[in-house]
Amino acid sequence: MNSAGIGVPLGFPLGPTSVIQVTNLSSAVTSEQMRTLFGFLGDIEELRLYPPDNAPLAFSSKVCYIKFREASSVGVAQHLTNTVFIDRALIVVPCAEVMQPTRTVVMCKTTFDHRENTVLGKRPCLISFGS
């Protein structure tokens with residue numbers, strides 16, 4: 001982080017983080033199901049599911065970002081990688097987070113293209129948490 005507290009080096013590796021990205025999710029999964037599954041691993045501060053539960057269009061898969069209260073929950077959550085949930089094996093990876101005065105931005109090693117509904121590979125992605 002720079003002196004202003006904003007910024008993440010794009011070269012990674014990740015430092016301590018409290019955010020995970022969960023990909024390869026069934027299109028049938030809901031935010032409540034994700035909160036229930038990952039809530040057993042630690043207190044969830046915020047959860048974002050894309051596309052959201054109320055999306056008007058159908059998608060073949062979804063992606064979820066979860067921010068835990070404790071960074072130690074991230075390591076535990078990664079153990080759910082390859083666990084079959086509904087009809088797909090989950091992929092759980094940590095995401096770097098950048099604290100800003102009114103929101104948190106996360107950067108992950110994989111990017112999900114919601115327009116094409118595909119994982120684009122190892123590119124940085126930005127997701128904003130908070131207001």
Side-chain angles (χ1 to χ4, degrees):
M1 244 186 254
N2 64 25
S3 61
I6 300 171
V8 171
L10 293 178
F12 295 98
L14 298 175
T17 181
S18 60
V19 179
I20 58 170
Q21 177 192 54
V22 185
T23 56
N24 200 36
L25 291 170
S26 169
S27 60
V29 76
T30 66
S31 296
E32 189 59 36
Q33 290 171 324
M34 295 301 292
R35 189 172 297 280
T36 299
L37 177 64
F38 285 92
F40 287 110
L41 308 178
D43 292 331
I44 294 174
E45 191 171 305
E46 191 164 358
L47 184 144
R48 297 278 177 105
L49 182 64
Y50 296 100
D53 295 333
N54 57 355
L57 300 174
F59 291 87
S60 62
S61 67
K62 294 185 177 183
V63 64
C64 186
Y65 295 90
I66 300 170
K67 182 175 183 181
F68 291 102
R69 292 201 195 283
E70 300 291 330
S72 60
S73 298
V74 170
V76 178
Q78 285 184 272
H79 289 288
L80 288 182
T81 294
N82 290 325
T83 298
V84 176
F85 186 62
I86 302 181
D87 62 350
R88 297 186 182 192
L90 301 179
I91 300 169
V92 182
V93 296
C95 293
E97 59 184 301
V98 181
M99 298 304 292
Q100 294 184 3
T102 59
R103 63 186 176 158
T104 301
V105 176
V106 297
M107 295 186 68
C108 305
K109 288 189 175 183
T110 56
T111 301
F112 187 82
D113 185 340
H114 299 288
R115 295 167 305 206
E116 300 295 325
N117 201 31
T118 58
V119 174
L120 297 175
K122 295 190 177 206
R123 300 181 190 171
C125 65
L126 295 175
I127 301 295
S128 177
F129 282 95
S131 53

How long is the gap from OG on S27 to CG on L57, to the nearest 0.5 Å? 12.5 Å
Shortest non-hydrogen contact from A77 toward I20: CB-CD1, 3.8 Å
Kindly check if the number of other-residue, nucleotide or ligand heavy atoms within 6.0 Å of CD (E70) is above 12? no
Given V92, which of T83, T23, N24, V22 fulfils the side chain to side chain contact (heavy atoms under 4.5 Å, CB included) condition? V22
Tell me the closest heavy-atom pair linking L90 and L25, and the distance in Å. CD2-CD2, 3.3 Å
In terms of heavy-atom contacts, D53 and L49 come closest through OD1-CD2, 3.3 Å
Where do S26 and R88 come nearest, in terms of heavy atoms and distance? N-CD, 3.8 Å
When the side chains of residues 35-45 are checked against the rest of the protein, which donor-acceptor pairs come out under 3.5 Å, sequence neighbours left out?
| from | atom 1 | to | atom 2 | distance (Å) |
| --- | --- | --- | --- | --- |
| T36 | OG1 | E32 | O | 2.9 |

In short, P52 meets K62 closest at the heavy-atom pair O-NZ, 4.3 Å
Output for pair (L47 CG, M34 CE), nearest 0.5 Å, gives 6.5 Å
Quick check on N82: does its CG atom have over 12 non-hydrogen neighbours (other residues, nucleotides or ligands) under 6.0 Å away? no
